[in-house]
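A quick write-up on the structure given underneath.
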Amino acid sequence: MIPYKHEPFTDFSLDENKEALNKGFETIKKDFGSDYPLIINGERILTDKKLESYNPAKKSEIIGNMSQAGEKEALDAMDTAKETFKEWRKSSFEFRSDILFKAAAIVRKRKFEFTAVLVKEAGKPWKEADADTAEAIDFLEYYARQNLELKDGRKIESRPGEFNRFDYIPLGVGLVISPWNFAFAIMAGTTSAALVTGNTVLLKPSSKASVIAYKFIEVLEEAGMPKGVVNFIPGSSREIGDLLVEHKDTAFVSFTGSRDVGVNIYEKAAIVQDGQVNLKRVIAEMGGKDTIVVDSSADLNLAADAIVKSSFAFSGQKCSACSRVIALSDVHDELLEKVVTRTKELTIGDPEGDIYMGPVIDQSSVDKIEKYFEIGKEEGKLEVGGTVDNETGHFVNPTVFSGLKHDDRIMQEEIFGPVVGFAKAENFTEAIEFANDTDYGLTGAVITKDRKHIEEARRDFMVGNLYFNRDCTGAIVGYHPFGGFKMSGTDSKAGGPDYLQLHMQGRTTSEML
């Protein structure tokens, strides 16, 4: 088998790639405004209740009208998943991995089409959308290979006269609740991890970006996935989310999203329902308040570039995005000036054109960010940004606050927008203490030339993904297993060597000879 390597990113400086993406836009626009059904047991079901998925850069442009599952459809999907699991669990590891390999090949062939959907439905700039598509391919390729490594179980010992085996078997029906910010990659990764390990899936994608999820189910079907293995049920969290989290036959919940929703799922999943025969697992990634620490030895140009990229790429709408900078006092002012200068040069607009920053996802995001603008002005100094253009699309200008204390609200609460705050520390140990002083522990970065500081941070900076002398975003499947500590989630390490086992249970068999 060819060794795993991550999918290369597209070079959009080449005219042929620009032309290919523009053709992708032409292709997907033919379907704009279409009605999309649920998929339960392979059957397309259009419901009366539909939700518009619109372009956040051009609010009048409707990507699709997505049918919404209610209680009946959710329970039908559960019944289907339970029944399908009886046979799907017996399918071979090789067959299941082959579906993922074929799906990766299909997506790779239609790469620019999927990237175009992400630009339009999620408001992603070209490079960010391309990286999202590449990561989806990576998850498919990586998990297919990881699954084959598990097919013979793990080696254990046998005594004379006995033959012992340790194998992995699937859990059952999994509820996958995927987010809008990595509407393709995370959705595809969480879904494929569950199905390749022999589980059946109820996929409830984010209502803000569900057309891309429907198109992924079409890919899985084309790749040979039997009907009923993944059931596509977009719908209200209030109407069907809690219902399925609490359902006695849900074996596990795989969730990516906000802290509040994740904690609620964790609590509800812990309650054993009448007739429930297993303790549910929760695989959760719930966000971050991520810090870049800059010391006196740092290359300040490198630091400024890392901060701007980590804070403002995709408008700060990444759980890994930098929203806090802790700089040592003697370099703080010069670093701040470099970041502000770079921020003022960023281009913002409709990402169908090749610009740096697009919109935030919806009106509620705009409203939340504007509230933090006012908080930031009270707590510190507005250096740049602090304004929105919400007429045509949900555009928020990249924003930098200075003069903050590390425990101010701007430095503690997840904003999920293009806002970064600066605070000072007197020494490196204090900087790491300030960086750790949040409820979250997802990503972080340290910019330094001091080896002692690198090792101190490696020991004491309590985040799940720590980077040195680079930005704190952009984890690559198979290279940077991703997941965090504290209120960032269950540190499940997506795209890592032990992720699939979270969807399985070990079984020992012992045969007397």
Side-chain angles (χ1 to χ4, degrees), residues 77-78 81-82 84-101 103-104 136 138-154 166-179 185-205 216-217 220 225-226 228-232 244-245 247 249-257 262 265-266 269-270 276-286 477-478 481-483 489-508:
M78 173 60 80
K82 283 168 53 183
T84 304
F85 177 69
K86 294 176 182 178
E87 293 302 319
W88 180 242
R89 71 176 184 84
K90 302 174 188 176
S91 60
S92 71
F93 282 71
E94 291 85 352
F95 175 64
R96 300 194 303 255
S97 287
D98 193 50
I99 291 173
L100 266 58
F101 285 130
D138 287 345
F139 276 127
L140 293 166
E141 291 279 357
Y142 184 75
Y143 289 152
R145 287 168 171 79
Q146 288 291 305
N147 187 56
L148 293 177
E149 292 186 8
L150 298 174
K151 69 183 181 66
D152 296 322
R154 298 298 190 193
F166 180 79
D167 299 300
Y168 291 104
I169 61 175
L171 295 173
V173 179
L175 171 61
V176 173
I177 303 174
S178 61
I186 294 179
M187 178 274 303
T190 50
T191 300
S192 62
L195 77 89
V196 80
T197 46
N199 303 284
T200 51
V201 179
L202 307 177
L203 172 58
K204 194 183 94 63
F216 178 63
I217 302 302
L220 291 177
M225 180 188 71
V229 172
V230 177
N231 299 278
F232 178 69
L244 293 173
V245 167
H247 197 286
D249 293 317
T250 298
F252 65 94
V253 181
S254 180
F255 167 79
T256 306
I265 288 172
Y266 203 75
Q276 184 175 324
V277 297
N278 65 284
L279 299 176
K280 295 171 186 169
R281 292 186 187 176
V282 175
I283 305 164
E285 197 274 282
M286 306 190 307
V477 173
F482 187 80
T490 56
D491 194 40
S492 53
K493 287 295 183 282
D498 57 0
Y499 185 72
L500 291 187
Q501 288 94 312
L502 300 174
H503 306 75
M504 309 177 83
Q505 49 197 350
R507 181 177 60 177
T508 301

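It should be emphasised that the depicted structure is a prediction, and the values quoted were computed from it without experimental measurement. Each residue takes its place number in the sequence, starting with 1.
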For K280 and V245, indicate whether the former's side chain and the latter's backbone hold a donor-acceptor pair under 3.5 Å.
yes
Would you say the side-chain atoms of T490 pair up with the backbone N or O of A284, donor to acceptor, closer than 3.5 Å?
yes
N147 side-chain N/O to V196 backbone N/O, donor-acceptor pair under 3.5 Å:
yes
Measure from the side-chain N and O atoms of N199 to the backbone N and O of A194, and report whether any donor-acceptor pair falls under 3.5 Å.
yes
Do D98 and R96 sit within salt-bridge range, that is, some charged N less than 4.0 Å from a carboxylate O?
no
What's the spacing between F139 CZ and M187 CE if we round to 0.5 Å?
11.5 Å
Does the distance from a Lys or Arg side-chain N to an Asp or Glu carboxylate O, for D167 and R507, drop under 4.0 Å?
no
Could you tell me the separation between the NZ atom of K204 and the CZ atom of F255, rounded to the nearest 0.5 Å?
9.0 Å
Would you say the ring centroid of Y143 lies under 6.0 angstrom from that of Y499?
yes
Qualifying residues under side chain to side chain contact (heavy atoms under 4.5 Å, CB included), relative to E149, sequence neighbours excluded:
Q146
What residues, two or more places apart in sequence or in another chain, satisfy salt bridge (Lys or Arg N to Asp or Glu O under 4.0 Å) together with R281?
none
Can you check whether A81's main-chain N or O pairs, donor with acceptor, with T84's side chain at less than 3.5 Å?
no
Using modelled atom types and a 3.5 Å cut-off, is there a donor and acceptor pairing between side-chain atoms of S97 and backbone atoms of A144?
yes
